[in-house]
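All values derive from a computational prediction rather than experimental measurement. Counting starts at 1 for both ligands and their atoms, in listed order.
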Amino acid sequence: MTPEEPSITPYPDGPLIVRGAINLRTSDGAPIPQKRRTIALCRCGLSTIKPFCDGTHRLSGFRTDD
Ligand code: FES
């Protein structure tokens with residue numbers, strides 16, 4: 001994998017960590033601006049800034065198998 005190649009890594013009991021250049025879009029296809037090349041995407045469903053993680057998973061007791 002080259003440094004430019006995007007990767008997605010699940011964080012235990014937390015978000016998906018996305019590294020590298022990706023095109024993040026809404027369900028309508030509109031671009032979602034990214035301020036960083038590494039972002040955390042919510043997978044607990046409780047974030048107030050979806051699709052990004054805001055840390056709420058820690059308070060909710062969200063658990064994953066990985
Ligand atoms: S995974 Fe962090 S708020 Fe949902």
- Shell of protein N/O/S atoms around atom 4 (Fe) of ligand 1, taken as anything under 2.8 Å: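 Per the 2.8 Å query on atom 4 (Fe) of ligand 1, atoms found are Cys42 SG, Cys44 SG.
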Report the residues that fulfil side-chain hydrogen bond (donor to acceptor under 3.5 Å, both in side chains) with Ser60, sequence neighbours left out, ordered by chain and then residue number.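 Applying side-chain hydrogen bond (donor to acceptor under 3.5 Å, both in side chains) to Ser60 gives none.
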- [ ] Indicate yes or no: at least one non-hydrogen side-chain atom of Ile39 is less than 4.5 angstrom from one of Leu24.
- [x]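 A side-chain contact exists here, since the closest heavy-atom pair is under 4.5 Å.
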Side chains of Leu16 and Tyr11, heavy atoms from C-beta outward: is any pair under 4.5 Å?
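No, side chains not in contact.
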For this session: Mind jotting down which residue pairs meet the salt bridge (charged side-chain N to carboxylate O under 4.0 Å, His left out) criterion with at least one end in residues 7-20? Sequence neighbours excluded, please.
Result: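 Sorted pair list: Asp13-Arg63.
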_Show every salt bridge (charged side-chain N to carboxylate O under 4.0 Å, His left out) that has at least one partner inside residues 38-51, sequence neighbours left out._
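Listed by first then second residue: Arg43-Asp66.
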**Study point:** Flag, side chain of Asp28 to backbone of Ala30, donor-acceptor distance under 3.5 Å
**Key:**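 Side chain of Asp28 to backbone of Ala30: no pair is present.
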